[in-house]
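As C-alpha cells, the structure follows; a few thoughts come after it.
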Amino acid sequence: MDETKFTEECLKEQEVVQKPGSTLIQTQLERENKSKNSWSNSQYFLEGAKQTIKGNTPYLVFTLGFFAMEHAATALIAQKGYSITDHKCAQIFFSKMLNRGDLAKALSRAYNARIAFNYRNNLSDYTDKAEAEDFLQKEVVPFIEEVEKLLKAE
C-alpha cells in the first residue's frame with residue numbers, strides 16, 4: 001500500500017490559494033439568466049425538502065433546505081450583478097451590501113445546521129420529525145419568502 005499521496009495531501013499542513021468567492025456578471029442578460037436559474041434551483045430544493053419531510057428521511061431537510069436558501073441567495077445576488085461561489089461571500093453580501101444582517105444570520109444558521117447533521121451518527125435513529133419541520137418552517141421558508149420579495153422589488 002502506497003501511503004505517500006495520502007500523507008502529502010491529507011496529513012501535512014498546506015497553504016491553499018483561494019480563488020475569489022465572487023465575480024462580476026458582465027451583462028444584464030447574464031444577470032437575468034443566472035438569477036432565473038438560481039431561483040429555479042431554489043424552488044427545486046425547497047420542493048424536495050417539503051417532500052422529504054413526509055418520508056422516512058426527514059433529516060435530509062437540513063441539506064435540501066440549506067441548498068434552497070443558498071440558491072435563493074445566489075438568485076438575488078446575481079440580480080445585483082455578482083456571481084457568488086462562496087457561502088461566506090453570500091453572507092457578507094447580505095450583511096454589508098444589502099444591509100440585511102438578518103438574512104445573513106439566517107443563512108449562517110442554516111449552514112451550521114446542515115454541517116451539524118452531516119456529522120451526526122446514525123440519522124436513521126432520529127424518528128421525530130419535529131426538528132426537521134421546525135427548521136423548514138422557521139428558517140428555510142421565511143428566508144426564501146423574504147428573498148422573493150427582494151427579487152420582485154427590483
Side-chain angles (χ1 to χ4, degrees), residues 9-10 16 18-154:
E9 298 286 326
C10 303
V16 177
Q18 184 175 343
K19 293 187 178 195
S22 179
T23 57
L24 285 170
I25 300 175
Q26 297 301 318
T27 69
Q28 185 60 33
L29 179 61
E30 289 173 311
R31 288 179 184 190
E32 290 169 6
N33 285 338
K34 175 82 172 170
S35 182
K36 178 182 153 197
N37 291 331
S38 294
W39 184 253
S40 177
N41 286 350
S42 173
Q43 296 306 293
Y44 183 87
F45 280 109
L46 178 60
E47 183 59 30
K50 289 176 179 178
Q51 294 300 317
T52 297
I53 207 155
K54 297 174 187 175
N56 293 327
T57 56
Y59 288 91
L60 288 176
V61 165
F62 287 90
T63 299
L64 297 173
F66 170 73
F67 287 143
M69 292 170 71
E70 185 174 58
H71 282 285
T74 300
L76 181 60
I77 295 168
Q79 194 178 60
K80 303 288 187 182
Y82 299 92
S83 179
I84 295 286
T85 57
D86 182 285
H87 168 74
K88 179 179 153 189
C89 291
Q91 289 178 281
I92 293 169
F93 190 90
F94 274 101
S95 180
K96 303 300 180 190
M97 301 281 281
L98 297 179
N99 200 27
R100 292 299 304 262
D102 59 324
L103 295 177
K105 288 177 185 174
L107 198 56
S108 180
R109 285 191 304 271
Y111 175 81
N112 290 333
R114 179 185 72 91
I115 295 300
F117 272 91
N118 282 353
Y119 294 101
R120 281 196 182 181
N121 290 321
N122 203 359
L123 287 173
S124 60
D125 286 346
Y126 294 90
T127 56
D128 182 4
K129 298 179 182 185
E131 192 176 7
E133 289 173 350
D134 194 52
F135 175 74
L136 183 62
Q137 296 307 318
K138 291 184 178 172
E139 290 289 350
V140 178
V141 171
F143 180 91
I144 291 174
E145 287 174 349
E146 188 59 26
V147 168
E148 184 175 28
K149 288 179 196 173
L150 294 170
L151 279 166
K152 289 180 178 178
E154 288 293 313

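A donor-acceptor pair under 3.5 Å links the side-chain atoms of Asn112 to the main chain of Ser108, judged by distance alone. A distance-only check finds a donor-acceptor pair linking the side chain of Ser38 to the backbone of Lys34 [under 3.5 Å]. At least one donor-acceptor pair under 3.5 Å links the side chain of Thr74 to the backbone N or O of Glu70.
With sequence neighbours left out, Asp86 forms a side-chain contact (heavy atoms from CB on, under 4.5 Å) with Gln18, Lys88, Cys89. Taking Phe94 as the reference, Phe143 meet the ring pair (Phe, Tyr, Trp, His ring centres under 6.0 Å) condition, with sequence neighbours excluded.
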Side-chain donor/acceptor pairs under 3.5 Å, residues 49-68, sequence neighbours excluded:
residue: Gln51; atom: NE2; partner: Glu47; partner atom: OE2; Å: 2.8
residue: Thr52; atom: OG1; partner: Gly48; partner atom: O; Å: 2.7
residue: Tyr59; atom: OH; partner: Asp128; partner atom: O; Å: 2.3

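Contact between Ala78 and Ser35 at its shortest, heavy atoms only, is CB-N, 3.8 Å. The two residues Leu107 and Ala73 come nearest to each other via the heavy atoms CD2-CB, 4.3 Å. Residues Ile25 and Arg31 approach most closely at CG2-N, 3.5 Å, considering heavy atoms.
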Q) Given Lys152 and Glu148, is the salt bridge (Lys or Arg N to Asp or Glu O under 4.0 Å) satisfied, shown in steps? A) CA-CA 6 Å; Lys152 289 180 178 178; Glu148 184 175 28; 3.5 Å; yes

Report the C-alpha separation of Ile144 and Val141 in whole Å, then their side-chain angles, then the decisive distance to 0.1 Å, and conclude whether the side chain to side chain contact (heavy atoms under 4.5 Å, CB included) test is met. CA-CA 5 Å; Ile144 291 174; Val141 171; over 6 Å; no

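Looking at heavy atoms from C-beta onward, Met97 lies out of side-chain contact with Lys80 at the 4.5 angstrom threshold. Contact of the Leu46 side chain with the Leu136 side chain is registered, since non-hydrogen atoms from C-beta on lie closer than 4.5 Å. At a threshold of 4.5 Å between non-hydrogen side-chain atoms, the residues Leu151 and Val147 count as touching. Contact annotation: the side chain of Leu103 never approaches that of Leu76 to less than 4.5 Å [non-hydrogen atoms, C-beta and beyond]. The shortest distance between side-chain heavy atoms of Tyr44 and His71 does not fall below 4.5 Å.
Going from atom CD of Gln91 over to atom CZ of Arg100 covers 15.0 Å, rounded to the nearest 0.5 Å. Rounding to the nearest 0.5 Å places CE of Met69 at 7.5 Å from CZ of Arg109. Remark: Thr27 OG1 to Leu24 CG distance equals 12.0 Å, nearest 0.5 Å. The distance from atom CD1 of Ile92 to atom OG of Ser22, rounded to the nearest 0.5 Å, is 10.0 Å.
No more than 12 heavy atoms of other residues, nucleotides or ligands sit less than 6.0 Å from atom OH of Tyr82.
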